[in-house]
Structure formats: C-alpha cells, structure tokens
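Only one structure is covered here, and it is reproduced in the block below.
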Amino acid sequence: MALTSFAFARSSSAEQKPPAAPENDPLYMRVVAMPYPPEAQILDGAGHRHSAYELYVTNWGKTPLKITKLDVQGKNGDDVVVNQSANGKQLAAMFVPVDGDGTKPNDPALKPGATGVFFIFAEWTPDQGDPDNFDTAITIEQHGERAGSGTIHAAAIDLNQDDPIVIHAPLRGKNWLAANAPSNTSPHRRAMLPVNGQPHIGQRYAIDWIQLSGDGKSFTGDERKNSSYHAWDQEIYAAGDGKIVEVKDGIPENVPNSSKLAVQMTYDTLAGNHIIQELSEGHFAAYAHLRPGTLKVKVGDTVHAGDVLAHLGNTGNSSEPHLHFQVCDSPSFPASEGLPFAIDQFTYEDYKLDKAPKPALTVMSSHPMTKQEPMEDELDSF
C-alpha cells in the first residue's frame, strides 16, 4: 500500500503537470481481466473445432478506458496453433458491458468502476491439432491523471482435451432448424446468469429446435394456437442411457408469440416443464419447455437412449413450441456451465429460404454427419 500511495502521490506544486504514464506499466493499467469458465471445452461443428469462453474486464482506474484490440493464441507447448485477433467492428460485436445490449455491437469502452464481457469463440481445423490452453490479451488506451495504456495479458485458460460427449438426437423427423445454436452471437451464447454470486452460462452450447414446413414457416394456420406449430406435441427421446435427476410438470402452456407468458418467470419456472437426465459424471442432458401432462418419467428412473421422455410444448420462457436442449455440468439450467455435445449421426440439409413472392423452403442437398453438433441456423433431419 505504501508503494502504491507513493507512486500516485500528488505534486505539492499546483502548477506542475504530472508526467505521462509509462507505456505498458502494470502500475498504471488498473484493469482486472479474468477468463471464465475455469476450463474451456472443445466443440465439433460444421467440420471445424471451436471453443467458447469469456473474458471479464473491469476498469479499476480513475479515468475511462477503451479496449482497441483483443488477441487470442491457442498454444500447444511453445507452438501457436490458433491465432485470432479482433479490432474495430469485430471487437465491438464481441463486447457487452454489464448494462449493455447483448444483441448488438457495443463500443468497447469502460468508465471507472465499470465491467464488460468479451465473448470469445475460437475456431480451428482438426488438422491444426488442439491447443492445450488459450492466452488472451487486450490492448487498452487510457488518458488522464494516473492513466496508463498498453497490453494486458490475462491468465491462460486451459482447454479440456476430451472430445464432446456423443449422444443420440432427442428428436425425430425432417427439417429441424437449430435456432440459437452455437455461434458467438447466439442469444444462448450471451445468456450469462449470476447465481449465488457466480457467473454461469448453462446455455453456452444449447439449441432451440423448431420444425419447418415446405413454406419455411414453423406453423400452418392460426399462429396463436400451439397446435398450429409443426414441432408441437412431437415426442422427445432420451439422448442416452442414464438416470432422471429432476422433473418439473404442471406449468400451463403459453399462447404463442403473446406479450404475456402463462406464469411469472422465476428461477423455477424459467425452463417450463422439464426433465434433467444424468448421462455420465459431470454431464447432464436438460430438456425444456415440455407439454404439461406428457412427461413419462420421474426422479430416480433409469432410461435408455431412444426412450420417449415427454412431448414437445410451449411452457416457461418460450414464445412458440420448440425443444430447448442443453448439456451442462450440473443438474440445473441456470446454475451450471454449458458443455458441447456431438450427435452420433444426422443429416445436414443445405437449404435456402425464399420469403417473397411465395415463401418456400428449398433443400438443395443433403449430407450425412457423424459426431458433430449442429451450429446456429443449421437445418437438420434425424
């Protein structure tokens, strides 16, 4: 404390201008930059490998600062196998201040005492080899008394070397749109919820599955009726063998696309009627927004891959019938960290949507996929 106080002591002469802070001097760059979660994971999707993690940045200085660049290096020993940089518009698209809007780009600037989050989505090809960890650095500009500029290197975050858990598809049929699936701009990717003082993104790799028809729409007829939606009342299948550890039923369905939900959103009603299944130690499959009265399991039941668990519905925080599915590290939708998964086999549909003059969904080609997770807005058949 004495050293710090001495370094920032004011001159006794009111007229004397304080000297400029040295470049890259840690004493003047009063910023806390911490990666999260404690360990990053590997995601296989669209033929590439990916990993999602966050960098929390807090300005502990007395003057505003601006982050001008972010660098990510994935290292395997001394070899750099992933090298990504972002600045300008790309950097703004990755940044969300605590009081900001995660659905649009934000100026990567922080007032004194403010915190923001950089959402990082590293990508590499399988032939590059997997990094052991990621080094993350930010370059800041800060002007004024006691202000310093330069580059700050956050602590390295280790990359779990395990491949994603392999599961069976929890749905059957054609033309399932992987809405809000993994990407760096998906709403699930940005859905950080603090629980008991700890940040969590249980939905980090989650998918909202919606079924489309030949006109590219998710419903036919009255869009205010759940029964009009192609996904509604479809059977939900166990993604693997395992024990049922949580069941919630009895929440009524929402009116689709209504401004009012059927029940108040709370910690307990967020996922609507739902089932959580333990697949293996530290891997839980979570199925949300299920139709009331259709759940076929209870806590303690052992199920096998392909068993029917329930029917798809529109309960909880849901605007239309769909299956929210995630794999996470604890039996909770909000109080967990999302984990990637790989579906053993499915068909990827290369498609286009025509909206006018006549709406149409056209599947141009189909591709068999093995041990991949669908990425945002993919169209898949199971």
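FYI, side chains are in, hydrogens and waters are out, and symmetry mates aren't considered; it's all heavy atoms of this structure.
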Side-chain heavy-atom pair [X], [Y] within 4.5 angstrom cut-off:
{"X": "T68", "Y": "N87", "answer": "no"}
{"X": "N226", "Y": "F219", "answer": "no"}
{"X": "L323", "Y": "L171", "answer": "yes"}
{"X": "F134", "Y": "L55", "answer": "no"}
{"X": "F119", "Y": "I201", "answer": "yes"}
{"X": "I67", "Y": "L91", "answer": "yes"}
{"X": "L212", "Y": "L379", "answer": "yes"}
{"X": "Q372", "Y": "F346", "answer": "yes"}

Picking from H324, Q326, Q203, what satisfies side-chain hydrogen bond (donor to acceptor under 3.5 Å, both in side chains) with D208?
-> H324
Hey, is [atom1] on [X] packed in by over 12 heavy atoms from elsewhere, all under 6.0 Å?
{"X": "M34", "atom1": "CE", "answer": "no"}
{"X": "E281", "atom1": "CD", "answer": "no"}
{"X": "N196", "atom1": "CG", "answer": "no"}

Stepwise, does the side chain to side chain contact (heavy atoms under 4.5 Å, CB included) test hold for L295 with L290?
-> CA-CA 8 Å; L295 283 70; L290 307 176; 4.0 Å; yes
Can you tell me how far the [atom1] atom of [X] sits from the [atom2] atom of [Y], to the nearest 0.5 Å?
{"X": "S330", "Y": "I276", "atom1": "OG", "atom2": "CD1", "value": "8.0 Å"}
{"X": "R172", "Y": "Q211", "atom1": "CZ", "atom2": "CD", "value": "13.0 Å"}
{"X": "L159", "Y": "S51", "atom1": "CG", "atom2": "OG", "value": "5.0 Å"}
{"X": "Q142", "Y": "N59", "atom1": "CD", "atom2": "CG", "value": "5.0 Å"}
{"X": "K111", "Y": "T63", "atom1": "NZ", "atom2": "OG1", "value": "13.5 Å"}
{"X": "T58", "Y": "L65", "atom1": "OG1", "atom2": "CG", "value": "10.0 Å"}

Please check: side-chain N/O of [X] versus main-chain N/O of [Y], any donor-acceptor pairing under 3.5 Å?
{"X": "Q264", "Y": "T269", "value": "no"}
{"X": "N106", "Y": "D101", "value": "yes"}
{"X": "S85", "Y": "K69", "value": "no"}
{"X": "Y351", "Y": "D380", "value": "no"}
{"X": "N175", "Y": "S213", "value": "no"}
{"X": "T347", "Y": "P368", "value": "no"}
{"X": "H200", "Y": "P194", "value": "no"}
{"X": "N273", "Y": "I251", "value": "yes"}
{"X": "H48", "Y": "A46", "value": "yes"}
{"X": "N254", "Y": "S318", "value": "yes"}

Distance-only polar pair, side chains of [X] and [Y], donor-acceptor under 3.5 Å:
{"X": "H311", "Y": "Q234", "result": "no"}
{"X": "Q345", "Y": "T370", "result": "no"}
{"X": "Y287", "Y": "Q277", "result": "yes"}
{"X": "S381", "Y": "E349", "result": "yes"}
{"X": "H367", "Y": "S365", "result": "yes"}
{"X": "E320", "Y": "S218", "result": "yes"}
{"X": "E253", "Y": "T315", "result": "no"}

Closest approach of [X] to [Y] (non-hydrogen atoms, all atoms of both residues):
{"X": "G77", "Y": "D132", "result": "N-OD2, 3.3 Å"}
{"X": "L43", "Y": "P164", "result": "CA-CG, 4.3 Å"}
{"X": "A231", "Y": "P321", "result": "CB-O, 3.9 Å"}
{"X": "C328", "Y": "S336", "result": "CB-OG, 3.4 Å"}
{"X": "G293", "Y": "D249", "result": "N-OD1, 3.1 Å"}
{"X": "P334", "Y": "L193", "result": "CB-CD1, 3.8 Å"}

Determine the interplanar angle of the F325 and W209 rings, folded into 0 to 90°, and report it as parallel if under 30°, tilted if 30 to 60°, perpendicular if over 60°.
-> tilted
For the residue pair H289 and H322, categorise the inter-ring angle as parallel (less than 30°), tilted (30 to 60°) or perpendicular (more than 60°).
-> tilted
If you measure from the Lys or Arg side-chain nitrogens to the Asp or Glu carboxylate oxygens, is any gap between [X] and [Y] under 4.0 Å?
{"X": "R49", "Y": "D163", "result": "yes"}
{"X": "K75", "Y": "D135", "result": "yes"}
{"X": "K66", "Y": "D107", "result": "yes"}
{"X": "K371", "Y": "D344", "result": "no"}

Any link between [X] and [Y] through a network of hydrophobic side chains (Ile, Leu, Val, Met, Phe, Trp, Tyr) touching at under 4.5 Å?
{"X": "M94", "Y": "I157", "value": "yes"}
{"X": "L177", "Y": "Y348", "value": "no"}
{"X": "I244", "Y": "F284", "value": "no"}

Steps toward side chain to side chain contact (heavy atoms under 4.5 Å, CB included) verdict (N160, I42) = CA-CA 7 Å; N160 188 317; I42 293 173; over 6 Å; no
In sequence, state the C-alpha distance, the side-chain angles, and the governing distance for L70 and T136, and then conclude on side chain to side chain contact (heavy atoms under 4.5 Å, CB included).
-> CA-CA 7 Å; L70 184 144; T136 313; 4.3 Å; yes
H274-F333 aromatic ring centre distance below 6.0 Å = yes
Kindly say whether the aromatic ring centers of Y36 and Y53 come within a distance under 6.0 Å.
-> no
Taking the six-membered ring of F121, is the NZ or CZ of R189 close enough (under 6.0 Å from the centre) and on axis enough (within 45°)?
-> no
Verdict with supporting geometry, N180 and D377, side chain to side chain contact (heavy atoms under 4.5 Å, CB included) | CA-CA 7 Å; N180 302 324; D377 292 336; over 6 Å; no
Output, in order, the C-alpha distance, side-chain angles, deciding distance and verdict of salt bridge (Lys or Arg N to Asp or Glu O under 4.0 Å) for E235 and K296.
-> CA-CA 11 Å; E235 291 181 328; K296 303 180 184 301; over 6 Å; no
Please test K243 against D301 for salt bridge (Lys or Arg N to Asp or Glu O under 4.0 Å), starting from the C-alpha separation and ending with a verdict.
-> CA-CA 6 Å; K243 182 176 286 188; D301 286 353; over 6 Å; no
